[in-house]
Amino acid sequence: MISDQRLRALVLVIVSAWGGRAVAQSADVSSDAELSKDSVNPVTRHITVPLRYQAEFQDGPYKATKSTFELDQAVVPFRLNEDWALITRTKLPGIVEPPKKHGEHWTTGLGNGYTTFFLSPERGEGLYWGGGPVLYYPSATDSALGVHRWGSGPSVAVVRRDEGPWVMGAVANNIWSIGGNSNNSSRTDTFLLNPFVSYHFADGWSVGSSPNITADWIAKGGKWTVPVGGGVAKLLHVGEQPVKLAIDAYYNAIRKKAGNDTWVTQLTLTFLFPD
């Protein structure tokens, strides 16, 4: 028989171990500030669904505005065991594309989407990471909006998130086409670096920057697009549903073609599911 004293000690050890494990697996998201911080974490353990409208100004020979309506890196996590989780992030754009040449027409439809599969450890001590493959879909409905080929490549994410107001990190990937011929117009070889930093206030407001730095390795002429800018966001509640509204603006300090695609604005509505 176990004595009462030993039984109480055993219960205390089990409760302490469980409590420590719960803290390691999932950050506290009980406050607006913590929810706001969690929304920008690429390897969060909570479902996030960002819906974004993006306007790219001075696109093409007519200096028109390219509009993109997209599911922007929606996160769905899966717990594998006590030590590891699988984090999926999905992007799927709908595009209204201006003519690329004089005399051509506008094009509307889906672009190429992709899902990233991050294998991420449950414990991080304020520094969290994930790594894994990207699966690139042949979802483009027109050749002007993307390529009709599958693609894949490696991706990695690192984020610094603790009890303080700052969240910072980066996501990077490179995607190559799979199979098919070597025609550049039907191939993909693109690099993405998304550094991010944000400061979160106690009332749910935040400011930050999250530019998508890209390189198109098979493009003729300029290959890099490097935006500079940032934005402001607010965590709100619609009934019991937490949502985050953000507006950002970026100037493409480096771009593939001088005079084109100078400014980008983004309006993002993110639905958060902390439970």
Practice prompt. Take atom CD of Gln241 as the centre, draw a 6.0 Å sphere, and report whether it contains more than 12 heavy atoms from other residues, nucleotides or ligands.
Written response: yes
Worksheet item: Partners of Glu97 by salt bridge (charged side-chain N to carboxylate O under 4.0 Å, His left out), sequence neighbours excluded?
Response: Lys66, Lys100
Item to complete: For residues 60-80, pull every pair meeting ring-ring contact (aromatic ring centres under 6.0 Å, His included), keeping only residues two or more places apart or in separate chains.
Response: Tyr53-Phe69, Tyr62-His102
Item to complete: Would you mind listing every ring-ring contact (aromatic ring centres under 6.0 Å, His included) that reaches into residues 130-159, with sequence neighbours excluded?
Response: none
Item to complete: Start with the C-alpha gap between Glu34 and Arg161, add the side-chain angles, then the distance that decides, and say whether salt bridge (Lys or Arg N to Asp or Glu O under 4.0 Å) holds.
Response: CA-CA 10 Å; Glu34 293 302 318; Arg161 182 190 189 283; 3.1 Å; yes
Fill in: Pairs meeting criterion salt bridge (charged side-chain N to carboxylate O under 4.0 Å, His left out) with involvement of residues 200-217, two or more places apart
Asp216-Lys256
Worksheet item: Is there a path from Val228 to Ile254 through hydrophobic residues (I, L, V, M, F, W, Y) whose side chains come within less than 4.5 Å of each other?
Response: no
Discussion item. Assigning hydrophobic clusters by single linkage (Ile, Leu, Val, Met, Phe, Trp, Tyr; side-chain heavy-atom cutoff under 4.5 Å), is Val156 placed with Phe196?
Written reply: no
Practice prompt. State, to 0.1 Å, how close Glu122 and Glu82 come at their nearest heavy-atom pair, and which atoms those are.
Written response: CG-O, 3.4 Å
Discussion item. Around atom NZ of Lys257, are there more than 12 heavy atoms from other residues, nucleotides or ligands closer than 6.0 Å?
Written reply: no
Worksheet item: Using a side-chain heavy atom cutoff under 4.5 Å and only I, L, V, M, F, W and Y, what cluster partners does Tyr251 have?
Response: Phe57, Trp263
Practice prompt. Report whether Val147 and Trp217 are members of the same hydrophobic cluster (ILVMFWY, side-chain heavy atoms less than 4.5 Å apart, transitive linking).
Written response: no
Worksheet item: Do Tyr199 and Phe201 have ring centres separated by under 6.0 Å?
Response: yes
Fill in: Side-chain H-bond candidate by donor/acceptor type, Asp38 with Thr44, under 3.5 Å
yes
Discussion item. Quick test of your reading: applying side chain to side chain donor-acceptor pair (under 3.5 Å), list the pairs with at least one residue in residues 229-240, sequence neighbours left out, ordered by first then second residue.
Written reply: Asp32-His237
Discussion item. Hydrophobic cluster membership, with links at side-chain heavy-atom distances under 4.5 Å among I/L/V/M/F/W/Y: are Phe191 and Trp176 in one?
Written reply: no
Worksheet item: Can you check whether Ala85's main-chain N or O pairs, donor with acceptor, with Ser120's side chain at less than 3.5 Å?
Response: no
